[in-house]
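First comes the structure, then the notes that go with it.
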There are 2 protein chains.
Amino acid sequence: MKDEKLRKSWKQDAEGVKHDILMVAMAEFAENGLAGARIDEIAAKTKTSKRMIYYYFGDKDGLYLAALESAYARVRAGESDLDIDHMKAEEAMEALVRFIFDHHRSNPDLIRMVMNENVNHANYLKKSEFIRDLNLTSMRRLQRVLSMGQQEGVFRQEIDPVFLHWQIQAQCFYNVANRPSFSTKFGPELFTDEGQKQMVDNIVESTLRFLRA
Amino acid sequence: MKDEKLRKSWKQDAEGVKHDILMVAMAEFAENGLAGARIDEIAAKTKTSKRMIYYYFGDKDGLYLAALESAYARVRAGESDLDIDHMKAEEAMEALVRFIFDHHRSNPDLIRMVMNENVNHANYLKKSEFIRDLNLTSMRRLQRVLSMGQQEGVFRQEIDPVFLHWQIQAQCFYNVANRPSFSTKFGPELFTDEGQKQMVDNIVESTLRFLRA
DNA sequence: GCGTGAACTCACCAGTTTGTCCGTTAACCC
DNA sequence: GGGTTAACGGACAAACTGGTGAGTTCACGC
């Protein structure tokens with residue numbers, strides 16, 4: 001009953017507090033979406049208080065946007081520098097597809113945030129030019145491998161690099177995003193360890209067959 | 001001030017009211033998701049009152065599930081019977097892919113509801129065995145075309161029909177679902193009329209190359 | 001015309017959820 | 001050690017939102 005004096009001792013750590021809030025917010029928004037997430041819930045899972053969320057991020061939208069950008073930045077930072085420049089085109093393309101496939105699989109939180117953005121007509125994505133820039137990098141890498149293959153003569157000339165990127169993304173994204181509905185309808189076999197191995201092999205095979213001259 | 005007697009005249013029309021509510025609910029849930037949709041908003045767009053929603057559907061979850069099933073049923077009913085049995089395998093496969101592509105494009109509301117379901121770990125989809133059955137039909141149709149092609153000798157024997165179905169779905173679904181985020185990041189070119197024509201051509205080409213012996 | 005159950009209206013509530021007021025503590029400068 | 005500013009906490013307010021209680025009208029059989 002009498003802890004009036006004990007509660008109010010704390011350290012100042014602006015960056016730490018902000019980071020803590022962002023990590024929790026990211027997880028909550030990824031799980032529940034913008035409308036579904038609850039500020040109180042986020043605050044409760046934080047080391048700090050709800051008041052601090054408003055202190056640093058203004059309002060719920062501000063927190064959401066910050067969490068979205070943070071999610072992109074964090075995942076982007078975790079991208080290992082894939083060493084494909086010394087490879088031949090087919091080999092490089094295979095490595096790249098496998099990398100994107102694994103990358104998506106191991107970052108479901110980002111995938112879920114993007115799903116939410118799409119439900120929301122990408123309203124917040126549009127506000128962030130920061131995020132737009134991030135994505136061009138992976139696009140350019142693919143383009144390099146493609147033209148490498150075209151110069152080697154193993155890939156067709158008439159391939160649209162944007163479509164190619166779209167097609168790889170479509171499959172790698174769908175694999176994570178629509179797993180719940182697909183496995184409900186057609187069983188979980190595609191999503192076991194063995195199933196996923198088969199799947200990525202198939203995607204690689206399919207991509208190469210599409211590209212070959 | 002004195003309209004005590006004027007307001008209370010109405011006709012009984014249970015089916016009409018239910019249908020009206022469902023149509024509005026479908027649109028609202030598709031647009032805003034389960035958490036984002038507001039019962040008051042749905043009620044306002046209805047010819048009837050909020051109380052009727054609870055009268056017929058119990059609670060928000062009940063209404064959501066009813067809207068989800070109704071969305072599937074309505075779209076399924078609109079599927080034209082695609083006449084592919086007299087075609088050769090390659091031709092039939094192309095027709096089928098184009099059909100699925102167009103079908104997804106012209107039913108964005110259903111796509112959006114499925115997106116929401118996936119955000120929600122397909123919780124409500126799992127509850128509805130009615131929906132599971134619906135989807136097996138399109139799966140079987142694809143399987144028929146595939147084995148037709150294998151008997152003709154034009155398609156490879158080692159194709160997994162579930163993966164093939166998954167791959168077509170992935171692209172056709174992603175095309176609608178992730179259009180907002182993709183076009184924000186990489187421009188709207190893929191989604192113009194011309195772009196979509198190119199895209200479906202590419203998907204067909206890619207699918208056939210994957211299948212061919 | 002009258003009884004009955006289904007269909008329907010209106011007003012309201014209780015719990016939730018975002019956001020803020022106000023005061024307190026830490027850190028830093030002089 | 002006094003003053004200033006940034007960092008922080010707790011409690012409260014205002015609006016929103018899902019859900020309900022209680023009574024009214026309709027349709028139909030008798």
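For B:Lys50 against D:dG19, a side-chain-to-base donor-acceptor contact under 3.5 Å is present.
Rounded to whole angstrom, the span from the OH atom of B:Tyr54 across to the C1' atom of C:dA7 amounts to 18 Å. Atom CG of A:Asp40 and atom P of C:dT18 are 6 Å apart (whole Å). Between B:Phe29 atom CZ and D:dG18 atom C1' the separation is 12 Å, expressed in whole Å. In this structure, A:Leu63 atom CG and C:dG19 atom P are separated by 10 Å, rounded to whole Å. The nearest whole Å value for the distance from the CD atom in A:Glu28 to the P atom in C:dT17 is 12 Å. Between the P atom of C:dT17 and the CD1 atom of A:Ile42 lies a distance of 12 Å, rounded to the nearest Å. With rounding to whole Å, B:Lys18 atom NZ is found 7 Å from C:dA7 atom P. Residue A:Ile53 contributes atom CD1, which lies 15 Å from atom C1' of D:dG10 at whole-angstrom precision.
A cation-pi contact, defined as under 6.0 Å to the ring centre and within 45° of the axis, links B:Lys127 to B:Tyr124.
Residue contacts shown for A:Ala37 are limited to sugar-phosphate atoms, with no base heavy atom under 4.0 Å away. Using a 4.0 Å heavy-atom criterion, one finds that A:Phe57 contacts no nucleic acid atom at all.
Dashed line: the shortest gap from a side-chain N or O of B:Ser49 to OP1 or OP2 of C:dT9 is under 4.0 Å. Taking side-chain N and O atoms only, B:Arg38 has a distance below 4.0 Å to OP1 or OP2 of D:dT17. At the phosphate of D:dG9, OP1 or OP2 sits under 4.0 Å from a side-chain N or O atom of A:Thr48.
Residues B:Tyr174 and A:Trp166 bring their aromatic ring centres within 6.0 Å.
For A:Met52, the listed nucleotide lying nearest its side chain is D:dG9; candidates were D:dT17, D:dG9, C:dC8. In the set C:dA7, D:dG19, C:dT18, D:dG19 carries the atom at the smallest distance from any side-chain atom of B:Lys60. Nearest to the side chain of A:Tyr55, among D:dT17, D:dA7, D:dG9, sits D:dA7. With C:dC8, D:dG21, D:dG18 as the candidates, the nucleotide lying closest to the side chain of B:Arg51 is D:dG21.
What you find for B:Met199 and B:Asn175 is that their closest heavy atoms are SD-OD1, 3.3 Å.
The residue among A:Ala35 and B:Val17 whose nearest nucleotide of DNA chain C is located toward the 5' end is B:Val17.
Enclosure of atom CZ in B:Arg179 is not indicated, since only 12 or fewer non-hydrogen atoms of other residues, nucleotides or ligands lie within 6.0 angstrom.
Between B:Glu15 and B:Lys18, at least one side-chain nitrogen of the basic residue sits less than 4.0 Å from a carboxylate oxygen of the acidic one, meeting the salt-bridge criterion.
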